[in-house]
Amino acid sequence: MASFSTSQPLSLPRHPTFSNPKQPTTNNERSRHTISLIDRCSNLRQLKQIHAQMVRTGLLFDDPYSASKLFAISALSPFASLDYACKVFDQIPQPNSFTWNTLIRAHASGPDPARSILVFLDMVSDSQFGPNKYTFPFLIKAASEVSSSSLGRSLHGMAIKSSVGCDVFVANSLIHCYFSCGDLDSACKVFTTIQEKDVVSWNSMITGFVQKGSPDKALELFKKMESEEDVKASHVTMVGVLSACAKTQNLEFGKRVCRYIEENRVSVNLTLANAMLDMYTKCGSIEDAKRLFDAMEERDNVTWTTMLDGYAILEDYEAAREVLNSMPKKDIVAWNALISAYEQNGKPNEALLVFHELQLQKNIKLNQITLVSTLSACAQVGALELGRWIHSYIKKHGIRLNFYVTSALIHMYSKCGDLEKAREVFSSVEKRDVFVWSAMIGGLAMHGCGNEALDMFYKMQEANVKPNGVTFTNVFCACSHSGLVDEAESLFRDMESSYGIVPEDKHYACIVDVLGRSGYLEKAVKFIEAMPIPPSASVWGALLGACKIHANLSLAEMACTRLLELEPRNDGAHVLLSNIYAKSGKWESVSELRKHMRVTGLKKEPGCSSIEIDGTIHEFLSGDNEHPMCEKVYGKLNEVMERLKENGYEPEMSQVLQIIDEEEMKEQSLNLHSEKLAICYGLISTEAPKAIRVIKNLRVCGDCHSVAKLISQLYDREIIVRDRYRFHHFRNGQCSCNDFW
DNA sequence: GTAGGGTTAG
């Protein structure tokens, strides 16, 4: 096929006055010749040359066909420019139906799909043309793009009135539209009304179900489609079906689909090959994936990223890294895949290392997904300074605070101990979805602002945002940390009946925690007995935790037994029970339990506290001698302890009583607790009035809690400690938890 | 004398 090189002069039809004998002379010939030239254009520059000639010769104004051809190419071709196309459109004296439809079509898939509706209104008022069967699919596409079901329904009605409601193209667009708006019922209704369903009708249904979280229904439909003889599956069908297999992790069916593709000679393009690859990786069959990957003749970044993700699913980070390294053109999506793999598998430090490496890359721009994953990693490790840096990066680069970014910022600030900043972000946005509200409620919960969290919960409903399961978890958590028993109980009762949310295991655990913490142990047990689902380890864990607070030995033994039946290697449960035994003076049981732990090789997770100084996270283990500054830290610790004792501090020996054997003596020795070391390091490395922020992996111990209160008073420093469950703000000798934790 | 709907990864 002939194509232009930019240096070649264009042979254009001349105006009759200047025509040479070889050039076409009649209008009809000029029109055909111009159309064939337009068809051969490969860039906007060539198109503009033809445009200029058409203006000069007047063809643009006289010949609707070549004019609409010029316009269609300028609006829809791979080198299209919508702005330019609109200018061309304005020059056409009397656009015909085709031209109007093309403009609507171009807008529908452009940056502002709603404009196509405005164009449609112009067409109805300014031209003699009404919408036809071609118009509706474009308009409906625009409705899908903006996810407006009311618009979709209006167009549906208009299509019926215009007698094209039964057109299969119109119906298929409607199916797609209703799915994008989440109106699955209407989509199904349209589908059943189509007399002669074609492959696209089926595909729209299959992919609709896959994308709206019902992959099982998609597979069912595919089986039904297979049994109907008149429609043959296409490669698009296969992409949808494979995606359903990936989502349901149905490797067996996935493999059958791959065989089907071979046997039925379905054409395998890159998209379909990638979908096959995705199915293999999501179903955990990395061998099949690797075989396919090696055999693929063409690969794009989707291929590479799918492979990377496949290794990340298996937590083979080295292999995942290897894939990233081998990528010919690394893009932000691939980097994001590695960062979020680490972040979501509890490896936030590794995620942050990858993020730092990414920042050194040239020509790769961070996007919202990068920021969300990294903020989440910051939240996990308490990297407030990096979190702040990302926030200013967002402001500096004018990155839009969408719901994800907003929630991630609120979550990061809350988990890093800066509740005020979290509140600021929350108030700064105009629109909030359920995740934004839930993040704020969760933040208030972990900082012990129970009543405020409940207020938020009601404000959220005033704003017409429906709570979800996460919202309830956070609300119950808030009740638990603030002892709001009645409120939690009543909300739990309403959860299903008024809010339509079926309580899950974590909600039951929360309520057990609320009841147990406040001392209603019997009530908590009755609550567990009445559960409609089998109680999980976290339910028993909540009861066990309450037994420790209220020193209920017999109940603790029961809860612990049940917990260990479900999670035999739960080190926390062993330690908790042993501490309860110790508190009750049952030393024989203690040593038995500890012996059992030694024999089974079960180790207590070592206490670890971290503190961020100038963007670097410093970690301290109990009795740590690893930190380069440890001598100074211990020096400071001695000085602090002396000063505290002078002011009436007495170590809480009940905490020491839990020491079991020699080896643990060192770790458990009160003065060596990791949170004390981290706080002392904070005292040395920062100046007042800067708050000292410490993050501990376990619960803060009672003695450390008292010490932190005293330090906050005697040294006039705000100390903020995040433990496994919540925050403690120490100020002027008081803690925000009111010693209730 | 032009045309239209459905496609994977984060």
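As the structure is a computational prediction, the values presented were derived from the model and not from experiment. These values consider heavy atoms only, across backbone and side chains, with no hydrogens, waters or symmetry-generated copies. In what follows, every chain begins at residue 1, and chains take the letters A, B, ... in the order their sequences are listed.
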Visitor: Using a heavy-atom distance cut-off of less than 4.0 Å, which residues of residues 97-134 of chain A contact DNA chain B?
Guide: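 Nucleic-acid contacts, sorted: Phe98(A), Asn101(A), Arg105(A), Lys133(A), Tyr134(A).
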
Visitor: Are Trp202(A) and Phe191(A) near enough that their ring centres are under 6.0 Å apart?
Guide: yes

Visitor: Choose from dA9(B), dG6(B), dT7(B) the nucleotide whose nearest atom is closest to any side-chain atom of Val239(A).
Guide: dT7(B)

Visitor: With heavy atoms under 4.0 Å as the rule, sort Ile140(A) into base, sugar-phosphate or nothing.
Guide: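 The residue Ile140(A) makes no contact with any strand.
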
Visitor: Let me know the distance between CG of Asn274(A) and P of dG10(B), rounded to the nearest Å.
Guide: 12 Å

Visitor: Could you check whether Val170(A) gets within reach of a base, just the sugar-phosphate, or nothing at all, counting any heavy atom under 4.0 Å?
Guide: nothing

Visitor: For Phe136(A) and dA3(B), give me the distance from atom CZ to atom C1', rounded to whole Å.
Guide: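 To the nearest whole Å, that distance equals 16 Å.
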
Visitor: For Thr135(A), answer base if it contacts any base atom (sugar-phosphate contacts may also be present), sugar-phosphate if it contacts only those atoms, and nothing otherwise; contact means non-hydrogen atoms under 4.0 Å.
Guide: nothing

Visitor: Tell me, please, whether Phe136(A) has Lys141(A) positioned over its six-membered ring: NZ or CZ under 6.0 Å from the ring centre and within 45 degrees of its axis?
Guide: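 Judged by the rule, Lys141(A) and Phe136(A) form no cation-pi pair.
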
Visitor: Ignoring the backbone of Ser31(A), work out which of dA9(B), dG1(B), dG10(B) is nearest its side chain.
Guide: dG1(B)

Visitor: Are the side chains of Val168(A) and Ser201(A) in contact, using a 4.5 Å heavy-atom criterion?
Guide: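 Yes, side chains in contact.
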
Visitor: Remember a base hit wins even if backbone is also touched, and classify Ser204(A) as base, sugar-phosphate or nothing at under 4.0 Å, heavy atoms.
Guide: sugar-phosphate

Visitor: Rounded to the Å, how far apart are Met327(A) CE and dG10(B) P?
Guide: 14 Å

Visitor: Nearest to the Ile369(A) side chain among dG6(B), dG10(B), dT7(B), which nucleotide is it?
Guide: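 Nearest to the side-chain atoms of Ile369(A), counting from C-beta on, is dG10(B).
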
Visitor: Counting only heavy atoms not in Phe89(A), do more than 12 fall under 6.0 Å of its CZ?
Guide: yes

Visitor: Across the strands shown, which category fits Asn96(A) at heavy-atom distances under 4.0 angstrom: base, sugar-phosphate, nothing?
Guide: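 Base, at least one base heavy atom under 4.0 Å.
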
Visitor: Could you check whether Ser173(A) gets within reach of a base, just the sugar-phosphate, or nothing at all, counting any heavy atom under 4.0 Å?
Guide: sugar-phosphate

Visitor: Report which part of the nucleic acid Gln211(A) touches: base, sugar-phosphate, or nothing (heavy-atom distance under 4.0 Å, all strands).
Guide: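 Contact class for Gln211(A): sugar-phosphate only.
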
Visitor: Would you list the pairs meeting side chain to side chain donor-acceptor pair (under 3.5 Å) in which at least one residue belongs to residues 255-268 of chain A, sequence neighbours left out?
Guide: Lys255(A)-Asp288(A)

Visitor: Separation of Phe179(A) atom CZ from dG6(B) atom P, in whole Å?
Guide: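 These atoms are roughly 14 Å apart.
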
Visitor: Taking only the side-chain heavy atoms of Phe169(A) (C-beta and beyond), determine which of dG4(B), dT7(B), dA9(B) contains the nearest atom.
Guide: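 The answer is dG4(B), which lies nearest to the side chain.
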
Visitor: Between Met276(A) (CE) and dT7(B) (P), how many Å, whole number?
Guide: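 So the CE-P distance, Met276(A) to dT7(B), works out to 20 Å.
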
Visitor: Check this for me, if you would: do Arg153(A) and Asp183(A) make a salt bridge, where the nitrogen-to-carboxylate-oxygen distance has to be below 4.0 angstrom?
Guide: yes

Visitor: Could you state the CG-P distance from Asn402(A) to dG10(B), rounded to the nearest angstrom?
Guide: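 In whole Å, dG10(B) P lies 17 Å from Asn402(A) CG.
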
Visitor: Base, sugar-phosphate alone, or nothing: which one does Asp167(A) contact when heavy atoms must sit under 4.0 Å apart?
Guide: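 Base, at least one base atom sits under 4.0 Å.
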
Visitor: Determine which pairs satisfy side chain to side chain donor-acceptor pair (under 3.5 Å) with at least one residue from residues 68-82 of chain A, sequence neighbours left out, and list them in order.
Guide: Asp39(A)-Lys69(A)

Visitor: Starting at atom CG of Asn269(A), determine the distance to atom P of dA9(B), rounded to an integer number of angstrom.
Guide: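 So the CG-P distance, Asn269(A) to dA9(B), works out to 14 Å.
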
Visitor: Counting side-chain heavy atoms from C-beta on, which of dT8(B), dG1(B), dG4(B) comes nearest to Ile35(A)?
Guide: dG1(B)

Visitor: Measure distances between side-chain N and O atoms of Asn203(A) and base N and O atoms of dG6(B), and say whether any donor-acceptor pair falls under 3.5 Å.
Guide: yes

Visitor: Round to the nearest Å and state the distance from Tyr342(A) atom OH to dG10(B) atom C1'.
Guide: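 Atom OH in Tyr342(A) sits about 17 Å away from atom C1' in dG10(B).
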
Visitor: Would you say the ring centroid of Phe209(A) lies under 6.0 angstrom from that of Phe179(A)?
Guide: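 For Phe209(A) and Phe179(A), the ring centres are under 6.0 Å apart.
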
Visitor: Between dG1(B) and Tyr65(A), is there a base-stacking contact, meaning the centre of the base's six-membered ring lies under 5.5 Å from the residue's ring centre while the planes stay under 30° apart?
Guide: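 Base of dG1(B): stacked against Tyr65(A).
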
